[in-house]
Trainee: 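Quick one: this structure, given as structure tokens, is what I'll be asking you about.
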Amino acid sequence: MVDVLRGRRLVAPGGAGVEGVEAEAALQNKVVALYFASGRCAPSRDFTPLLREFYAELVEQARPPAPLAVVLVSTDGSAPEMEGFLRQLPGAWLALPFHDPYRHELRTRYRVTATPKLVILKPSGEVITDKGRKQIREQGRACFKSWVEAAEVFQNFSG
């Protein structure tokens with residue numbers, strides 16, 4: 001579980017209800033990708049389909065599925081904007097609720113000055129890379145193998 005999200009409730013685009021899910025349970029033993037993005041941001045709209053495809057190949061289509069979780073940290077300006085963006089994302093992804101002030105703290109902690117930004121974390125919260133977007137664009141699925149090795153999570157994923 002990513003310590004930086006301990007105690008947080010996350011919502012799912014696919015309808016994990018208003019009550020959300022416990023971050024500890026949802027993210028246990030996974031490489032976590034914090035996706036700082038906004039539906040109103042053209043670069044985010046450009047990168048999101050690529051990230052969706054990357055995720056689908058690794059998690060939805062792979063057997064066994066890769067130990068990867070994507071958590072949206074919205075940079076949208078309003079809750080309705082975020083909700084609209086969430087509807088475009090895979091149902092298995094999670095997000096910090098719009099009204100959770102922790103979104104701003106995470107943006108500061110990971111020095112997010114432009115979006116989209118994809119920060120890959122170990123379970124301890126230590127950064128594996130803050131250049132996840134660039135690595136996916138340049139290396140495709142191959143970058144995940146180095147992430148999972150660096151994260152030291154139990155895995156039977158062979159890549």
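Quantities reported herein were computed from a predicted structural model and do not represent experimental measurements. Sequence positions, counted from 1, serve as the residue numbers for this chain. Quick note: numbers below take in every heavy atom, side chains included, and nothing from hydrogens, waters or symmetry partners.
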Trainee: Can you name the nearest heavy-atom pair linking Gly39 to Asp76, along with the distance?
Mentor: N-OD1, 3.0 Å
Trainee: Could you tabulate the donor-acceptor pairs under 3.5 Å formed by side-chain atoms of residues 51-72, not counting sequence neighbours?
Mentor:
| unit_1 | atom_1 | unit_2 | atom_2 | d |
| --- | --- | --- | --- | --- |
| Arg52 | NH1 | Gln88 | O | 2.7 |
| Arg63 | NH2 | Glu60 | O | 3.2 |

Trainee: As an exercise, state the distance from OG1 of Thr129 to CD1 of Ile136, rounded to the nearest 0.5 Å.
Mentor: 10.0 Å
Trainee: Quick check: closest heavy atoms across Pro97 and Arg103, and the distance to 0.1 Å?
Mentor: O-CD, 3.5 Å
Trainee: Taking the side chain as everything from C-beta on, heavy atoms only, tell me whether Val31 gets closer than 4.5 Å to Phe144.
Mentor: yes
Trainee: Measure the OG1-CZ distance between Thr115 and Arg45 for me, rounded to the nearest 0.5 Å.
Mentor: 10.5 Å
Trainee: Could you go through Asp46 and Arg133, starting from their C-alpha distance and side-chain angles, then the distance that decides it, and tell me whether this counts as salt bridge (Lys or Arg N to Asp or Glu O under 4.0 Å)?
Mentor: CA-CA 11 Å; Asp46 178 55; Arg133 176 181 170 208; 5.4 Å; no
Trainee: Please check: side-chain N/O of Thr75 versus main-chain N/O of Phe36, any donor-acceptor pairing under 3.5 Å?
Mentor: no
Trainee: Which distance, rounded to the nearest 0.5 Å, do you find between the CZ of Phe85 and the SG of Cys41?
Mentor: 8.0 Å
Trainee: For Ser44 versus Ser38, what's the shortest heavy-atom pair and its separation?
Mentor: CB-O, 3.1 Å
Trainee: Does the Ser146 side chain pair with the main chain of Ala142, one donor and one acceptor, at a distance under 3.5 Å?
Mentor: no
Trainee: Rounded to the nearest 0.5 Å, what's the gap from CG on Leu86 to CE on Met82? Could you check?
Mentor: 4.5 Å
Trainee: Show the numbers, then the answer: is there a side chain to side chain contact (heavy atoms under 4.5 Å, CB included) between Leu96 and Leu106?
Mentor: CA-CA 10 Å; Leu96 273 172; Leu106 288 173; 3.4 Å; yes
Trainee: Name the orientation class of the two ring planes belonging to Tyr35 and Trp93 (parallel below 30°, tilted from 30 to 60°, perpendicular beyond 60°).
Mentor: perpendicular
Trainee: Should Arg109 and Val4 count as side-chain neighbours, where that means a heavy-atom distance under 4.5 Å?
Mentor: yes
Trainee: Using side-chain heavy atoms (C-beta onward) and a distance below 4.5 Å, is Ile120 in contact with Val32?
Mentor: no
Trainee: For the CG atom of Leu50 and the CG atom of Leu118, what is their distance to the nearest 0.5 Å?
Mentor: 10.0 Å
Trainee: I need the full list of salt bridge (Lys or Arg N to Asp or Glu O under 4.0 Å) pairs touching residues 80-89, with sequence neighbours left out, sorted by first then second residue.
Mentor: Arg40-Glu81
Trainee: Working to the nearest 0.5 angstrom, can you tell me the gap between Arg9 CZ and Leu94 CG?
Mentor: 11.5 Å
Trainee: Could you check Asp100 against Arg8 for salt bridge (Lys or Arg N to Asp or Glu O under 4.0 Å), going step by step and ending with a plain yes or no?
Mentor: CA-CA 9 Å; Asp100 188 334; Arg8 298 283 167 193; 3.1 Å; yes
Trainee: Answer yes or no: is there a side-chain heavy-atom contact under 4.5 Å between Val119 and Val73?
Mentor: no
Trainee: Measure across Cys143 and Gln139 and return the closest heavy-atom pair with its distance rounded to 0.1 Å.
Mentor: CB-OE1, 3.2 Å
